[in-house]
Novice: 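Below: one structure in structure tokens.
These figures come from a predicted structure and were not determined experimentally. This chain uses plain numbering: 1 for the first residue, then up along the sequence.
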Amino acid sequence: MMNWQKLISNKRLGQEHRHPKRNDDRTEFKRDYDRLIFSAPFRRLQNKTQVFPLPGSVFVHNRLTHSLEVASVGMSLGNDVAQQLTQRHPELRDTLFQEIGQIVATACLAHDMGNPPFGHSGEKAIQSFFIEGAGCDLQREVSPGFWNDVTHFEGNANALRLLTHQFKGRRPGGFVMTYSTLASIAKYPFSSAAASKKGKFGFFNTEKDTFRRIADELGLICLSEPGDPLRYARHPLVYLVEAADDICYEIMDIEDAHKLKIISFDETARLLLGFFDEQEQELILQRIADEGLTDQNEKVVYLRACAIGKLEHECARVFVDNEDDILNGTFQKSLIDHISPIACEAYRRCSEFSVAHIYKSKPVLDVELSGYQIIQTLMERFVGAVVHPERFYSKQLISRVSSQYDIDSPDLETRLMAVIDYISGMTDVYALDEYRKIKGDSLPIV
């Protein structure tokens with residue numbers, strides 16, 4: 001069984017033996033949070049698509065606003081769980097365990113930082129480039145481990161790389177985050193060779209030893225036999241990060257769809273009120289009337305807040321009720337899968353409605369199709385450049401890449417990974433701009 005006292009550590013990756021003098025009273029976990037908030041990769045999330053195209057006249061969620069909202073829900077989940085479990089385990093009072101709300105909130109901020117432009121379409125474009133595109137011939141030039149990584153390219157694994165990899169000009173340990181924060185980000189704590197049926201995994205081979213250090217330090221349960229692909233049980237706080245994300249994207253996508261007039265107010269209200277029994281629904285509607293809310297958008301905001309509060313409470317309860325299974329690494333599925341039947345059925349209806357009417361809507365599909373083509377083209381040109389760096393055009397392209405990426409390495413795998421680092425770090429708009437320039441569709445005006 002994993003142990004809370006060991007699982008919550010403020011030791012920093014890359015500064016294990018340093019104890020720098022602090023000039024303020026922030027905790028190490030609050031420093032993690034601030035470090036991410038003020039980082040360039042986090043700032044770039046404001047220009048990365050969440051689901052709908054980036055806003056025109058109506059503002060909808062991007063990756064930045066989504067991450068901030070997930071962090072808010074994650075803070076509430078962590079605080080509620082800490083309060084309940086310290087009552088059950090008095091020995092955890094006045095220890096680092098009481099800071100798990102801050103740890104979960106920080107991990108929530110980072111959970112999408114590794115996503116490429118255009119969301120899942122961008123992920124698929126990178127994978128497909130190697131599986132069925134121009135990069136498929138490279139399989140015989142690289143190691144099986146590297147090939148597994150790139151053909152299953154995953155934003156979750158890329159987030160851990162972004163935070164821990166020593167890019168050029170950076171200090172050892174990347175962002176130098178605490179061990180517990182880093183472990184809480186790893187939704188799929190296993191290598192690409194053990195990827196799930198959906199192709200999900202938690203760390204590239206380049207970060208395998210780093211994750212092993214984190215797991216050993218925190219006492220994560222190793223699930224793999226000697227010689228098998230590396231696989232661990234989740235850090236318990238991963239379940240809270242996952243729940244915060246599940247709650248926000250499902251509920252907030254419904255609200256965005258209403259703002260964009262993809263679904264009616266009546267349908268939106270029906271979906272959001274579905275999380276409550278009849279008595280609770282009557283109380284909510286009475287409160288709306290008492291508040292004097294007549295604007296439909298404001299009513300949806302109120303209903304959304306109620307639904308999120310309900311799901312947050314349910315997920316915290318499930319976590320506390322299943323603490324032993326979570327610490328044993330035997331808890332199955334997500335917290336959302338174990339909430340009350342009424343709430344679970346309402347969540348299922350929202351999910352099915354989103355798939356049918358939101359994720360397959362024309363504006364969303366248009367972005368996915370365009371984004372796929374943009375990322376595919378960028379991969380073709382830049383990978384071609386690092387495979388044949390001696391060519392004139394290759395040299396011109398390579399000169400455009402930031403110096404932090406090791407694109408001049410003598411090792412082919414390192415150069416290929418540098419291309420993926422560069423492209424996956426782009427915003428949607430920057431990727432589109434690079435695409436236009438490379439295609440010759442956008443020339444600078446002299």
Side-chain angles (χ1 to χ4, degrees), residues 1-13 27-33 35-36 67 70-86 88-89 92 95-113 156 159-160 163-164 175 177-190 202-203 211 213-221 223 232-248 311-338:
M1 178 180 285
M2 292 179 278
N3 181 282
W4 282 120
Q5 301 279 20
K6 192 170 184 179
L7 285 165
I8 311 302
S9 170
N10 59 7
K11 182 182 291 187
R12 291 190 173 279
L13 181 71
T27 68
E28 294 304 315
F29 304 122
K30 181 61 168 67
R31 291 176 188 278
D32 281 353
Y33 186 91
R35 196 164 288 183
L36 290 184
S67 296
V70 174
S72 178
V73 174
M75 177 74 81
S76 296
L77 279 167
N79 287 343
D80 286 354
V81 167
Q83 182 181 34
Q84 294 177 55
L85 288 185
T86 50
R88 180 184 294 177
H89 308 293
L92 294 177
T95 69
L96 293 176
F97 177 80
Q98 292 189 294
E99 295 186 50
I100 65 172
Q102 183 68 74
I103 299 171
V104 173
T106 304
C108 289
L109 286 184
H111 83 284
D112 271 351
M113 284 177 62
N156 292 277
L160 188 74
L163 294 176
T164 63
F175 275 61
M177 308 291 282
T178 60
Y179 278 57
S180 292
T181 295
L182 291 170
S184 299
I185 294 165
K187 188 175 178 179
Y188 311 100
F190 39 85
F203 47 85
F211 193 82
R213 282 168 54 195
I214 294 169
D216 290 346
E217 174 67 27
L218 301 179
L220 301 187
I221 297 171
L223 301 176
Y232 288 93
R234 284 176 163 185
H235 189 289
L237 299 189
V238 171
Y239 288 101
L240 299 179
V241 176
E242 178 184 50
D245 188 30
D246 287 346
I247 291 169
C248 286
L311 289 170
E312 187 274 326
H313 175 77
E314 289 270 345
C315 288
R317 176 190 58 77
V318 171
F319 187 95
V320 172
D321 289 349
N322 293 275
E323 180 195 10
D324 286 348
D325 287 343
I326 289 171
L327 290 174
N328 281 323
T330 57
F331 184 75
Q332 299 296 314
K333 299 185 178 181
S334 68
L335 299 180
I336 285 284
D337 290 316
H338 296 271

Novice: Taking Ala186's backbone N and O only, do any of them form a donor-acceptor pair with Arg234's side chain (distance below 3.5 Å, no angle check)?
Specialist: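 Checked: no pair found.
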Novice: Kindly write out the residues that satisfy ring-ring contact (aromatic ring centres under 6.0 Å, His included) with Phe29, not counting sequence neighbours, or none if the list is empty.
Specialist: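 Partners of Phe29 under the ring-ring contact (aromatic ring centres under 6.0 Å, His included) test: none.
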Novice: For Ile247 versus Glu312, what's the shortest heavy-atom pair and its separation?
Specialist: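 That would be CD1-N, 3.8 Å.
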Novice: So does Thr330 get a backbone contact from the side chain of Gln332, meaning a donor-acceptor N/O pair under 3.5 Å?
Specialist: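 Yes, Gln332 side chain to Thr330 backbone: donor-acceptor pair under 3.5 Å.
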Novice: Give me the atom names and distance for the closest heavy-atom approach of Ala243 to Leu335.
Specialist: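 Heavy atoms of Ala243 and Leu335 come nearest at CB-CD1, 3.9 Å.
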Novice: Please test His338 against Asn322 for side chain to side chain donor-acceptor pair (under 3.5 Å), starting from the C-alpha separation and ending with a verdict.
Specialist: CA-CA 10 Å; His338 296 271; Asn322 293 275; 5.5 Å; no
Novice: Can you give me the closest heavy-atom contact between Cys108 and Ala244, atom names plus distance?
Specialist: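 Shortest heavy-atom contact: SG-CB, 4.0 Å.
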Novice: Could you tell me which residues satisfy side chain to side chain donor-acceptor pair (under 3.5 Å) with Asp337, sequence neighbours excluded, listed by chain and number?
Specialist: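 Residues passing side chain to side chain donor-acceptor pair (under 3.5 Å) with Asp337: Ser334.
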Novice: Do Gln5 and Leu92 have side chains that get closer than 4.5 Å, going by heavy atoms?
Specialist: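 Of all side-chain heavy-atom pairs linking Leu92 with Gln5, at least one is under 4.5 Å.
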Novice: Where the side chain of Asn3 meets the backbone of Lys6, is there a donor-acceptor pair that is under 3.5 Å apart?
Specialist: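 Yes.
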Novice: Give me the one residue out of Thr106, Ile185, Leu13 that meets side-chain contact (heavy atoms from CB on, under 4.5 Å) with Met177.
Specialist: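 Of all the options given, the one that passes is Thr106.
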Novice: Under the side chain to side chain contact (heavy atoms under 4.5 Å, CB included) rule, what do Asp216 and Tyr179 come out as? Steps first, then yes or no, please.
Specialist: CA-CA 10 Å; Asp216 290 346; Tyr179 278 57; over 6 Å; no
Novice: Run the ring-centre check on Phe331 versus Tyr239 and record whether the distance is less than 6.0 Å.
Specialist: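 Yes - the distance between ring centres of Phe331 and Tyr239 falls below the 6.0 Å cut-off.
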Novice: Please report the shortest heavy-atom distance between Pro236 and Ile326, naming the atom on each side.
Specialist: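 The answer is CB-CG2, 3.6 Å.
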Novice: Take a 6.0 Å sphere around NE2 of His313 and say whether it holds more than 12 heavy atoms from other residues, nucleotides or ligands.
Specialist: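 Incorrect, the count does not exceed 12.
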Novice: Check this for me, if you would: do Arg317 and Asp80 make a salt bridge, where the nitrogen-to-carboxylate-oxygen distance has to be below 4.0 angstrom?
Specialist: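 No, Arg317 and Asp80 are not salt-bridged.
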Novice: Taking side chain to side chain donor-acceptor pair (under 3.5 Å) as the definition, give me every residue that meets it alongside His89, ordered by chain and number, with sequence neighbours left out.
Specialist: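 Per chain and number, His89 pairs via side chain to side chain donor-acceptor pair (under 3.5 Å) with Glu323.
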Novice: Main chain of Leu7, side chain of His235: is a donor-acceptor contact present, judged purely on distance under 3.5 Å?
Specialist: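 Yes; judged by distance alone, with no hydrogens or angles, the pair exists.
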Novice: So which heavy atom on Thr178 is nearest to which on Asn10, and how close?
Specialist: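 Residues Thr178 and Asn10, closest heavy atoms: CG2-O, 3.7 Å.
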Novice: Kindly indicate whether the side chain of Trp4, heavy atoms from C-beta on, has any atom under 4.5 Å from the side chain of Leu85.
Specialist: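 The answer is yes, as the side chains (C-beta and beyond) meet within the 4.5 Å cut-off.
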Novice: Has the side chain of Ser180 got a donor or acceptor atom that lies under 3.5 Å from a matching backbone atom of Ser9?
Specialist: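 Flag set: sc Ser180 to bb Ser9 pair under 3.5 Å.
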Novice: Can you find a heavy atom in the side chain of Leu96 that is under 4.5 Å from one in the side chain of Thr27?
Specialist: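 Side-chain contact under 4.5 Å: no.
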Novice: Got a second to check how far Asp112's CG is from Asp245's CG, nearest 0.5 Å?
Specialist: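 Asp112 CG to Asp245 CG: 6.0 Å, rounded to 0.5 Å.
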Novice: Where do Leu109 and Ala71 come nearest, in terms of heavy atoms and distance?
Specialist: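 Nearest pair, atom of Leu109 first, then Ala71: CD2-CB, 3.7 Å.
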